[in-house]
Amino acid sequence: MSAQLEYDEQSAVTAQAPAMVSVTNQVGEPNDFQDPAVLSLKLAVSRYDIATIRMREDQEVLVSFEDAAQTLIDYADVPHGDLVYIFRAVDELRQHLSRSKAASGLDITIQKHIPFETHLGGTAAAAAAVLVALAGLWDASIAREELGRIAQRVGDGVAESITGGAVITHVDATEGLVTPVLVHSEVAMVLVPAAADLDEAEMFQQVHMLRQAKNDVPDRSQLEFDPELVQSVARGDASQLALMMHNDFQPALVSILPEHNDWLTAGMGEGALAAQTIDRGPSLVFLAESISAATELAERFEQRMEISAVAESGPVAGAHLL
């Protein structure tokens, strides 16, 4: 074994960070200057991106991506934003630790289990895994709360994946607040990852237009969740959560991608307690009574619609070393 290989193996640190699935979203009223505020209730689920980091003897930072089968992903297929988050995570932690750039060369490998651009928090999860692995590699004594504050500077969602569990997020043009929810049990679900070229500004506009066309829309002048909704997550009460979960973005998404209505109908038809789009994207979540029921539901949905579906559970712990 060469000296270089020994150096690389001894320096490798691996961490994983979970996908974040939004089970409820409220969109505030628009104004002339900025996007509306969004209040979300999110669960960290058992689908992880994994970061493995090794030290280099130079100061280069090299990043590669692999799929779940450890097959290299071509850079042309990696969204630019995912790379930006990873390099920003490295820079933010290095600066926080006052570590010289000359002593910070890295080989970073991201194993993707959360598909790109599916609004399941994959961009943030990869960056969160990098922060945790890098803190371990550099032997940094840093509290999770402090790492969460660093994560907020990296980008949207990274602090949530660091925190894990269940969180309430409030995001507007000036700040993003993350409030953890104490949970006692998990809920089972099926995820249907999907990607689509959606313009975020168009989504907000569509939400507003559909509201103007209706008379019975909920009041969103003040964003807040029913305490019973939060309690249903805390208790792991899937039946109650199914009755109360809601996504203000869903009508807008279905108006842009009408075929998603068929997907939602199919999920309910195959036995889901509830079927909903996730955040402002095209991925879906179906609630189930148990993980075994979720596994069977995923199989039936795949057979019926010929669309990939996976059984997961949550809330789970946030980013951590392996």
Side-chain angles (χ1 to χ4, degrees), residues 11-22 40-56 59 61-63 65 81-101 103-114 120-172 174-183 279 314-322:
S11 300
V13 175
T14 300
Q16 66 179 16
M20 300 296 298
V21 172
S22 178
S40 302
L41 177 55
K42 299 182 179 183
L43 309 183
V45 302
S46 51
R47 172 73 37 168
Y48 303 90
D49 275 357
I50 301 171
T52 298
I53 308 180
R54 292 176 171 84
M55 293 183 180
R56 293 176 58 89
Q59 63 180 17
V61 176
L62 304 181
V63 181
F65 287 80
D82 286 62
L83 285 167
V84 169
Y85 268 44
I86 289 169
F87 283 111
R88 195 179 293 159
V90 172
D91 285 342
E92 288 290 347
L93 186 58
R94 182 181 58 79
Q95 291 173 23
H96 178 82
L97 298 174
S98 300
R99 187 181 176 94
S100 76
K101 201 167 186 177
S104 302
L106 302 167
D107 276 318
I108 301 174
T109 301
I110 306 297
Q111 189 177 84
K112 291 293 294 181
H113 295 260
I114 308 169
L120 297 175
T123 301
V130 166
L131 280 175
V132 171
L134 199 52
L137 185 69
W138 287 341
D139 197 25
S141 297
I142 183 168
R144 182 171 290 269
E145 292 76 11
E146 182 64 25
L147 197 61
R149 286 190 282 272
I150 296 169
Q152 288 182 323
R153 299 198 293 271
V154 175
D156 292 342
V158 184
E160 300 159 23
S161 193
I162 292 283
T163 303
V167 297
I168 295 172
T169 66
H170 184 280
V171 179
D172 59 25
T174 59
E175 64 179 349
L177 301 177
V178 180
T179 305
V181 176
L182 182 63
V183 296
D279 206 340
V316 299
H320 57 275
L321 293 173
L322 294 177

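Along the sequence shown, residues carry numbers from 1.
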Please report the closest heavy-atom contact between [X] and [Y], naming both atoms and the distance.
X	Y	value
Ser161	Pro18	OG-O, 3.0 Å
Ala159	Gln152	CB-CG, 3.6 Å
Val13	Ala133	CG1-O, 3.5 Å
Ile110	Val130	CD1-CG2, 3.7 Å
Val183	Pro315	CG1-CG, 3.9 Å
Ala135	Leu93	N-CD2, 3.7 Å

Going from [atom1] on [X] to [atom2] on [Y], what distance comes out if it is rounded to the nearest 0.5 angstrom?
X	Y	atom1	atom2	result
Asp139	Leu97	CG	CG	10.5 Å
Arg153	Asp91	CZ	CG	11.5 Å
Arg54	Thr14	CZ	OG1	7.0 Å
His113	Gln16	NE2	CD	8.5 Å
Thr163	Met20	OG1	CE	7.5 Å
Asp107	Met55	CG	CE	12.0 Å

Is [X] reaching over with its side chain to a backbone N or O of [Y], donor-acceptor style, under 3.5 angstrom?
X	Y	answer
His170	Ile168	no
Asp279	Ser22	no
Arg88	Val154	yes
Arg56	Val61	no

Check: Is there a side-chain contact between Ile150 and Ile142, using heavy atoms and a 4.5 Å cut-off?
Finding: yes
Note to self: Using side chain to side chain contact (heavy atoms under 4.5 Å, CB included), reason through Leu322 and Tyr48 one step at a time and then give a plain yes or no.
What the structure shows: CA-CA 12 Å; Leu322 294 177; Tyr48 303 90; over 6 Å; no
Next item on the list: Please test Thr169 against Glu160 for side chain to side chain contact (heavy atoms under 4.5 Å, CB included), starting from the C-alpha separation and ending with a verdict.
Entry: CA-CA 8 Å; Thr169 66; Glu160 300 159 23; 3.4 Å; yes
Note to self: Just to verify, what does Ser104 make a side chain to side chain contact (heavy atoms under 4.5 Å, CB included) with, not counting sequence neighbours?
What the structure shows: Arg94, Arg99, Trp138
Checklist line | CG/Asp156: more than 12 non-hydrogen atoms of other groups inside 6.0 Å | finding: no
Item checked: Worked verdict on Ile108 versus Ile53 for side chain to side chain contact (heavy atoms under 4.5 Å, CB included) -> CA-CA 5 Å; Ile108 301 174; Ile53 308 180; 4.0 Å; yes
Next item on the list: Going by the side-chain contact (heavy atoms from CB on, under 4.5 Å) test, name the single residue among Ile114, Thr123, Asp82 that passes it with Asp49.
Entry: Ile114
